[in-house]
Amino acid sequence: MENKSLKQIIDNRLEKLKKIREMGIEPYAYSFNCSHSTSDITEELIDKRVCLAGRIMALRKMGKASFSHIQDQHGKIQFYIARDDVGEENYNLFKLTDIGDFVGIEGKVFKTKTDALTIKVSSLTMLSKNIKPIPDVKEKDGEKFNMVSDKEFRYRKRYLDMIINPETKENYVKRSKIVNSIRNFLNEHDYIEVETPVLQPIYGGANAKPFKTYHNALDQEFFLRIATELYLKQLIVGGFEKVYELSKDFRNEGIDRSHNPEFTMLEFYQAYSDYNFMMEFVEEMFKRALSDLNMKAIEWDGHKIDFSKKFARKTMDQLIKEHTDCDIDLTNHSEVFDACKKLNLDIEEDDSLASLIDEIMRRKVEPNLIQPTYVINHPVEISPLAKVKRDGNNNFTERFELFIAGMEFANGFSELNDPIDQRKRFEDQSMKKDSGDEEAFPIDENFLEAIEIGMPPTAGVGIGIDRLVMLLIDSRWIRDAIIFPTLKSLK
RNA sequence: GCCUCCGUAGCUCAAUGGUAGAGCAGGGGCCUUUUAAGCCCUUGGUUGUAGGUUCGAGUCCUUCCGGGGGUACCA
């Protein structure tokens, strides 16, 4: 509970609230007509009459005339209010204001003797009285004092973070632009946006632990989706040729600086195309997002990333050779195992070939993929929904993952549309699940039936939107890309 | 999950194991061009929680809660 210090501030403000009402003024107004926002105020407006609204962020009261700053969505502006300009009653109202109040001001733009653009108030309106104090952050020459340093505070009370630290909002403005750019890009290519179930009786489409929930009336367990893949492909079966969904997916896994239990995923599928087409398409999509944000190159966590060149495409054996000097046959278990030993990787004797390859990639290759690079042709064991390579090599699939700055941004493949093969792959997953693999997915008869009805050749891609936002706002923390990140409740 | 660090007033921070303090915010007073406004006075604390060691704990030990960083799982 609140202790005495805070209670005393709140009581004091409640007292002011009462006084304002006694003056016949409603401290929670219904509307206010603004003529400008703070960022509109320039020298051209000097001597012009303006109306502005915002939150009081600083107060310098001195007897019969005072200065204050208000902050709105676009910035801050100083106002000057003098008793002789606004009258006794309005000035008394001003004296009852606190940092955190919303006020509306009407007045003329002028410059103080220290050349600060300021509004000379002719009338002040109370719009919303603050009751609980906001941290009082002082600022001088762009340097902030008394800044809230506690990250937890910023995540739990994002609105306070945004008030105290308005730059925070820029990340989310950018996020909105990125999502718009992607939507526009897909819509311009005649894609149809759809919404598939969040509550799924069987989860699938990715390897991840799901959240469980329960529907009372149906008396049935449901899972929150870990991916939209299996539903979107049913729509390709049904006759849509280009579909996408921007979805919140949910994975019941650990939280760290690049993982949040709920996150935004884009998945899109295009009939009659393959992974080669999709690599071109995704590259174009990324370059479009950059240009829509007026960005040419990216500086991310100290890395300069060049988007002007064509994205590299490299197979796993090429990349392993490049980054480890191991020239190995990725179908030969003992060769790969020996390479892992040589590279001092933490592996077990009975690890599968695919997981050994995965380990080399994760430890030795992926962190070094700074410039945009497609890693292609993954082992079939870790790609249960992808077609095997068309050259007859059944060990590898037509799959790609896009890496930038050591992080994965996209995952796509030529979608498996052979119903017999697909059923076998599901059975493999099911066996893994039975033998304790918590991330393997169960057999989805509904989906398999759809594939038996027939799915045209199709390519599909998934892109983690939060990570893309991280890249474009130059942050290593997914919590900077998500407005309300998942936190443990306080007890 | 594991390792590690942190938690003192609304905010930022002090306090060899020895009376919990300051600045800002809040309250009162003065103040009609200030801008981290200023000057004088002043309120505000079960030091995250529960226990332990000790004559004495904000400080040392343990539990729990929350968080940061790392690591694992995760693609």
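Here is how names work: the chains are called A, B, and so on, in the same order as the sequence lines, proteins then strands, and each is numbered from 1.
Summary of the strand contacts: A/Arg399 and A/Arg476 both lie near RNA chain B, and taking for each the nucleotide with the nearest heavy atom, the more 5' one is attributed to A/Arg476. Comparing A/Ala58 and A/Ala206 along RNA chain B, the residue whose closest nucleotide (by nearest heavy atom) sits nearer the 5' end is A/Ala58.
Taking the C1' atom of each, B/G7 and B/U59 are spaced 14 Å apart, rounded to whole Å. Between B/C6 and B/G58, the two C1' atoms lie 14 Å apart (nearest whole Å). Remark: the separation of the C1' atoms in B/C24 and B/A9 is 12 Å, to the nearest Å. Using atom P as the reference point in both B/C61 and B/G21, the two lie 25 Å apart (nearest Å). Rounded to whole Å, the separation between the P atoms of B/U16 and B/A72 comes to 39 Å.
Whole-Å rounding puts the A/Ile99 CD1 to B/U34 C1' distance at 14 Å. The distance from atom CG of A/Asp136 to atom P of B/G10 is 15 Å, rounded to the nearest whole Å. Following rounding to the nearest Å, A/Phe67 (CZ) and B/U33 (P) show an atom-to-atom distance of 7 Å. Atom CG in A/Leu96 sits about 13 Å away from atom P in B/G26, given to the nearest Å. Taking atom CG of residue A/Leu6 and atom P of nucleotide B/U8, one finds them 15 Å apart after rounding to whole Å. B/G38 atom P lies 14 Å from atom CG of A/Leu59, rounded to whole Å. Distance, A/Arg83 CZ to B/U33 C1': 16 Å, rounded to whole Å.
B/C60 is paired with B/G52 under the criterion used here, namely a Watson-Crick or G-U wobble arrangement in which both key atom distances are under 3.5 Å. Across all strands shown, B/U33 forms no Watson-Crick or G-U wobble pair with both key distances under 3.5 Å. With a cut-off of 3.5 Å on both Watson-Crick or G-U wobble distances, the partner of B/G7 is given as B/C65. When both pairing distances are held under 3.5 Å, B/G1 makes a Watson-Crick or G-U pair with B/U71. B/G26: Watson-Crick or G-U partner is B/U42, with both key distances under 3.5 Å.
Note on A/Asp85: nothing from the nucleic acid sits closer than 4.0 angstrom, heavy atoms only. Residue-level contact check: A/Lys144 touches neither bases nor backbone, having no heavy atom under 4.0 Å from any strand. Note on A/Phe110: a base of the nucleic acid sits closer than 4.0 angstrom, heavy atoms only. Across all strands shown, A/Arg13 has heavy atoms under 4.0 Å from sugar-phosphate atoms exclusively, and none from any base. Using a 4.0 Å heavy-atom criterion, one finds that A/Gln78 contacts the bases of the nucleic acid, with or without backbone contacts as well. At the heavy-atom level, A/Glu401 lies under 4.0 Å from base atoms of the strands shown. When heavy atoms are screened at a 4.0 angstrom cut-off, A/Lys488 is found touching the sugar-phosphate backbone but no base atom. Using a 4.0 Å heavy-atom criterion, one finds that A/Ile134 contacts no nucleic acid atom at all. At the heavy-atom level, A/Ala116 lies under 4.0 Å from base atoms of the strands shown. Residue-level contact check: A/Tyr155 touches the backbone only, with heavy atoms under 4.0 Å from sugar-phosphate atoms and none from bases. Among the heavy atoms of the strands, none lies under 4.0 Å from A/Ser68.
For B/G10, one of the phosphate oxygens OP1 or OP2 lies less than 4.0 angstrom from a side-chain nitrogen or oxygen of A/Ser5. Phosphate contact (OP1/OP2 of B/U33, side-chain N/O of A/Lys111, threshold under 4.0 Å): absent. Note on A/Arg156: a side-chain N or O is less than 4.0 Å away from OP1 or OP2 of B/G67. Side-chain nitrogen and oxygen atoms of A/Arg257 include none within less than 4.0 Å of the OP1 or OP2 phosphate oxygen of B/G67. OP1 or OP2 of B/C24 has not a single side-chain nitrogen or oxygen of A/Asn146 nearer than 4.0 Å. For B/C73, the OP1/OP2 oxygens have a side-chain nitrogen or oxygen of A/Arg362 closer than 4.0 Å. Dashed line: the shortest gap from a side-chain N or O of A/Lys151 to OP1 or OP2 of B/G67 is not under 4.0 Å. For A/Arg60 and B/A37, the shortest distance from a side-chain N or O to OP1 or OP2 is below 4.0 Å. Neither OP1 nor OP2 of B/C30 sits under 4.0 Å from any side-chain N or O of A/Lys61. Checking the phosphate oxygens (OP1, OP2) of B/G27, a side-chain nitrogen or oxygen of A/Lys16 falls inside 4.0 Å.
The nearest pair of heavy atoms linking A/Ile328 to A/Ala339 is CD1-CB, 3.9 Å. Nearest heavy atom pair, residue A/Tyr91 against residue A/Lys64, reads OH-C, 3.2 Å.
By the 4.0 Å N-to-carboxylate-O rule, A/Glu262 lies close enough to A/Lys248 to be salt-bridged with it. A salt bridge is defined here as a Lys NZ or Arg NE, NH1 or NH2 lying under 4.0 Å from an Asp or Glu carboxylate O, and A/Asp47 with A/Lys108 fails to meet this definition. Salt bridge present: A/Lys144 and A/Glu167 bring a charged side-chain N and a carboxylate O closer than 4.0 Å.
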Where do A/Gln78 and A/Thr118 land on the side chain to side chain donor-acceptor pair (under 3.5 Å) test, with the steps shown first?
CA-CA 5 Å; A/Gln78 177 172 259; A/Thr118 303; 2.9 Å; yes
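Aromatic pair A/Tyr231/A/Phe447: centroids not less than 6.0 angstrom apart.
Picking from B/C24, B/G67, B/C73 the nucleotide with the shortest atom distance to the side chain of A/Lys209 gives B/C73.
A cation-pi contact, defined as under 6.0 Å to the ring centre and within 45° of the axis, is absent between A/Lys387 and A/Tyr275.
A donor-acceptor contact under 3.5 Å links the side chain of A/Asp256 to the base of B/C73.
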